[in-house]
Every structure is written in C-alpha cells, then in structure tokens.
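The shown structure was predicted, so the numbers you read here are calculated from the model rather than taken from an experiment. Atoms within a ligand are numbered from 1 in the order they appear, just like the ligands themselves. All values below were derived from every heavy atom in this structure, side-chain atoms included, with hydrogens, water molecules and symmetry-related copies excluded.
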Amino acid sequence: MGDSTLNFSLLHRTCSLVVILCIVHLSVTLFYYLRTLDLRLSFVQNQQMQVLSDIKNSTISLEVIIPKATSSALKNANNFVLNVTEKAKVLEKCPDPSPILVGPLRVEFGSSVSLDVVRRENPRLSSGGRYKPDGCVALQKVAMIIPFRNREEHLKYWLYYLHPILQRQQLDYGVYVINQYGDETFNRAKLLNVGYAEALKEYDYDCFVFSDVDLIPMDDRNTYKCYSQPRHLSVSMDKFGFKLPYLQYFGGVSSMSKEQYLKINGFPNNYWGWGGEDDDIFNRLSARGMSISRPSAEIGKCRMIRHNRDAKNEANPQRFNRIAHTRQTMDRDGINSLKYEVVNIEKDQLFTKITVDVGRPER
Ligand code: UDH
Ligand code: NGS
C-alpha cells in the first residue's frame with residue numbers, strides 16, 4: 001500500500017512537470033509566432049510588388065506567364081500592364097536651373113567649323129534642329145529665331161556652340177533660320193516676325209528667342225528661355241568692352257513669351273536697313289508697361305564674330321523719325337499687318353531654314 005502510494009505520487013509529479021513544460025513551450029512558440037507575423041506580412045507584400053514590377057518591366061508577353069488564358073483576356077491583361085507602365089513613366093518637370101550646366105565657356109572663331117562634324121556631335125537632334133530632353137519635361141518650348149542672309153560661316157559657329165548649350169539647358173527647342181530672299185535692303189525685325197509666325201505653325205512654342213547669327217554666349221547659365229519680363233540676353237558683349245552700350249539697348253539676343261510678344265503687336269515691319277528696329281522694340285515694351293530683365297554682366301558675357309557691314313544693310317536714314325513715333329504706329333504696324341511669301345523651307349538636322357520674300361521698302 002505504502003509503495004503504491006509512493007509510485008502514484010511520483011507519476012503525478014512527473015505528469016505535472018510534463019504539462020508545465022508543454023505550456024511553457026506553447027507560450028514561447030506563440031510569442032515568437034506573433035512577433036514575426038508583421039514581418040512575414042510585409043515580406044509577402046514586397047514579393048507581390050516585385051512580381052508586379054517584374055511583369056511591368058518585362059518585354060515578355062503575358063502569354064508566357066499564363067499559357068492557358070484566352071487571347072482576348074490576354075489582350076486585356078497586356079493592355080492593363082501597358083497602362084500601368086505608361087503611368088509609371090510619367091516624367092517630372094526638369095529642374096530649374098538645369099543641373100548639367102558648366103558655367104563659363106571658351107568661345108573662339110580661329111578654325112572653321114564643318115556642319116558634318118556638328119551633326120555628328122549632336123546625334124540627339126531631330127530634323128529641323130529640334131530637341132527635347134530625355135529624362136524630364138522641359139520647362140519651356142522655345143523657338144530660336146535667327147534673321148539671316150549670306151552669313152553661312154557665322155551660322156556654322158552659331159550651330160556649333162549653341163546646340164550643346166541649349167541641350168544642357170534642357171530646353172524643348174527648335175532652330176529657325178529666317179533667310180531673306182533676293183537682294184533688296186535687309187529687314188531684321190520683319191524677318192523676326194516671320195520667324196514667330198512660321199515657328200508657331202509647326203509647334204506650340206511658348207517662348208521665342210531672337211538671336212543675331214553672329215552672337216555666341218560665353219556662359220551656359222545664360223539660359224535661352226523666357227522670364228516674367230521680356231529678357232535682354234546679350235548684355236555684356238566683347239565689342240562693347242563687356243558693358244551695355246546704353247541702358248535701353250535691346251539689340252543682339254532677346255527673348256519674349258508669346259504673351260509678351262503679342263502685347264506689343266510683335267515687331268515693326270518697316271525698318272529697312274541698319275539700325276533703330278531694336279530701339280523701336282524697346283519703346284513698344286515700355287509703352288505697354290513692361291520692363292527689361294537681364295542676366296548679370298558676368299553670366300551675360302558674349303562674343304561677336306567680327307565682320308564688315310553687309311551690302312544692302314546700310315544705315316537707315318529714317319530710323320530716328322520712326323523711333324520717335326513708336327507709340328503712334330505700333331498698333332497698326334506689327335504681327336497684325338505682317339505680309340510675306342515663303343519661297344522655300346529646308347529641313348536640316350541642325351536647323352529649319354525658311355527662305356522668305358519680305359518685299360522691299362516703299363519708294
Ligand atoms: N544679317 C544677316 N545678313 C545681312 C545683314 C544682317 O544675316 O546681310 C543678320 C545677322 O543675323 C546679323 C543681324 O542680322 O547678326 C544684325 O545685323 P546688323 O548688321 O544690324 O548687326 P551686326 O551686329 O553688324 O551684325 C553691325 C554693323 C557692323 C559694322 C562693323 C564695322 N566694323
Ligand atoms: C544704336 C542703334 C541700334 C544698334 C546699336 C548698336 O545707335 O539699332 O546702336 O549698334 N540705334 C539707332 O541707330 C537709332 S551696333 O554697334 O551693334 O552696330 O543696335
């Protein structure tokens with residue numbers, strides 16, 4: 001009897017110990033299970049995202065992934081994936097200023113330039129001298145307008161220097177060379193009006209840069225775009241000792257948004273020969289209450305390619321009388337009265353050259 005009581009009590013204690021051990025084991029297991037649950041859930045989520053992104057990035061059709069799906073279901077699924085991919089590709093605006101600018105540049109005109117070399121060095125241009133940045137949406141769509149006649153050598157330098165600069169400035173741009181047809185007296189401002197009108201027929205530009213063919217910026221921080229006020233860009237020219245010749249000077253290179261340009265009815269059409277048309281444009285801007293914005297003298301440095309006065313661009317004797325009456329004439333002489341005839345349009349990788357008959361001065 002005594003022995004059997006002893007045995008029973010030993011068995012009872014052993015069983016209790018086993019039960020306690022089981023409870024401890026279960027509690028520990030439960031504790032660790034709960035602790036890792038969060039972790040595993042987020043891992044599963046990540047796995048699903050990875051599979052989705054793999055599908056999106058894959059060029060393999062869904063057929064490979066789901067071999068038994070019907071073709072219309074596959075088409076829908078493929079379209080869905082394409083849609084998701086398109087959305088994922090929506091580009092951001094380019095940063096302002098562009099992060100790939102380099103600052104001061106060496107500009108010289110010692111050795112001549114070959115257009116084939118310029119074409120090779122700018123492989124990302126498309127026909128007409130058009131460019132758009134790759135990884136972001138350009139802040140502005142800018143038409144570069146160059147008044148032109150018989151300055152082939154100068155144009156080569158302009159294209160050689162400006163294309164790389166404009167690409168670093170991450171602009172969505174096109175280059176328009178407006179070539180005056182025939183050998184009547186030159187009319188710079190009218191050619192600029194033609195450039196404005198013709199560029200807009202091609203693309204929804206929101207900014208226009210008007211640049212003489214012989215002026216090259218010496219710093220790529222001088223961005224060829226538009227600002228809240230009309231911009232004078234060639235503020236510090238070598239030929240004027242890197243200073244403004246006078247405060248109202250608006251010649252050389254300038255930019256205007258479409259809105260600013262239309263506010264002044266564009267440029268005058270009746271300045272034949274050299275001088276005064278840029279002063280008329282200045283008068284128009286001030287008559288419409290606008291001011292001129294400019295880069296600093298350092299950033300606005302530029303070089304002019306030295307040359308002699310062109311034939312058929314002699315100083316215009318009427319210029320002083322005309323600039324004295326800008327306010328009276330600007331509403332009827334400008335983009336609203338522009339008449340011309342396009343003679344030819346040439347598309348090159350580096351530019352669009354529009355040859356145009358702008359007529360001749362009244363005699
Ligand atoms: N232009 C031409 N062909 C011409 C005349 C003018 O392409 O026959 C264009 C060209 O883009 C030029 C711009 O119009 O840069 C302005 O011409 P401009 O003659 O008014 O000004 P530029 O600064 O010369 O070229 C000023 C006279 C230089 C006299 C120098 C005497 N040493
Ligand atoms: C002024 C002209 C401007 C000309 C500027 C600079 O005198 O058209 O000189 O000329 N105004 C008048 O003649 C009324 S430049 O030295 O670049 O040839 O832009």
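A salt bridge links D280 with R284: the closest approach of a Lys/Arg side-chain nitrogen to an acidic carboxylate oxygen falls below 4.0 angstrom. With salt bridges taken as basic N to acidic carboxylate O contacts below 4.0 Å, none links R168 and D219. The pair E259-R288 fails the salt-bridge criterion, with no side-chain N (NZ, NE, NH1 or NH2) lying under 4.0 Å from an Asp/Glu carboxylate O. Salt-bridge annotation for D96 and K225: present, with a side-chain N of the basic residue lying under 4.0 Å from a carboxylate O of the acidic one. Salt bridge present: D204 and K141 bring a charged side-chain N and a carboxylate O closer than 4.0 Å. Remark: R151 engages D310 in a salt bridge, criterion side-chain N to carboxylate O under 4.0 Å.
Within the listing of ligand 2, atoms 8 (O) sit less than 4.0 angstrom from a heavy atom of G275. Taking every non-hydrogen atom of F240 and a distance limit under 4.0 Å, the qualifying atoms of ligand 2 come out as 16 (O), 17 (O).
The protein non-hydrogen atom at the shortest distance from atom 13 (O) of ligand 2 is R319 NE, 2.7 Å. The protein heavy atom nearest to atom 16 (C) of ligand 1 is D212 OD2, 3.5 Å. The shortest contact between atom 20 (O) of ligand 1 and any protein heavy atom is with W274 CD1, 3.0 Å. The nearest protein atom to atom 3 (N) of ligand 1, hydrogens excluded, is given as R149 O, 2.8 Å; this is a heavy-atom distance. Of the protein's non-hydrogen atoms, the one nearest atom 17 (O) of ligand 2 is K239 NZ, 2.6 Å. The protein atom (non-hydrogen) at minimum distance from atom 12 (C) of ligand 2 is D279 OD2, 3.4 Å. Taking atom 18 (O) of ligand 2 as the reference point, the nearest protein heavy-atom neighbour is W274 CZ2, 3.2 Å. The nearest heavy-atom contact from the protein to atom 14 (O) of ligand 1 is F186 CE2, 3.4 Å. Of all protein heavy atoms, the one lying nearest to atom 5 (C) of ligand 2 is Y246 OH, 3.8 Å.
For D238, the salt bridge (charged side-chain N to carboxylate O under 4.0 Å, His left out) criterion is met by R303, not counting sequence neighbours.
Backbone and side-chain nitrogen or oxygen atoms of E277 are examined, and none is located within less than 3.5 angstrom of a nitrogen or oxygen of ligand 2. Considering backbone and side-chain N/O atoms, Y249 never comes within less than 3.5 Å of an N/O atom of ligand 2. Of the N or O atoms in P147, one or more lie within a sub-3.5 Å distance of an N or O in ligand 1. At least one N or O atom of N313 sits closer than 3.5 Å to an N or O atom of ligand 1. For ligand 2, none of its N or O atoms has an N or O atom of I323 under 3.5 Å away.
Atom CD1 of I335 and atom CG of L192 lie 10.5 Å apart (nearest 0.5 Å). To the nearest 0.5 angstrom, K301 atom NZ is 12.5 Å from N222 atom CG.
In this structure, R124 contributes its side chain and Y131 its backbone to no donor-acceptor pair below 3.5 Å. In terms of modelled atom types and a separation under 3.5 Å, the side chain of D220 and the main chain of L101 share no donor-acceptor contact. Under a 3.5 Å cut-off, the side chain of Q180 and the backbone N or O of R188 do not form any donor-acceptor pair.
Under a 4.0 Å heavy-atom criterion, D214 is in contact with ligand 1.
The nearest non-hydrogen atom to atom 32 (N) of ligand 1, considering only H307, K239, E314, R309, comes from H307. Considering each of L215, I281, D214, D278, the one bringing a non-hydrogen atom nearest atom 19 (O) of ligand 2 is D278.
Proximity of D310 to ligand 1, defined as any heavy-atom pair under 4.0 Å, is confined to the side chain (atoms from C-beta onward). The residue F282 has no part lying near ligand 2, judged by heavy-atom distances below 4.0 Å.
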Y173 vs Y205, ring pair (Phe, Tyr, Trp, His ring centres under 6.0 Å): CA-CA, chis, key distance, verdict: CA-CA 8 Å; Y173 73 88; Y205 289 106; 9.5 Å; no
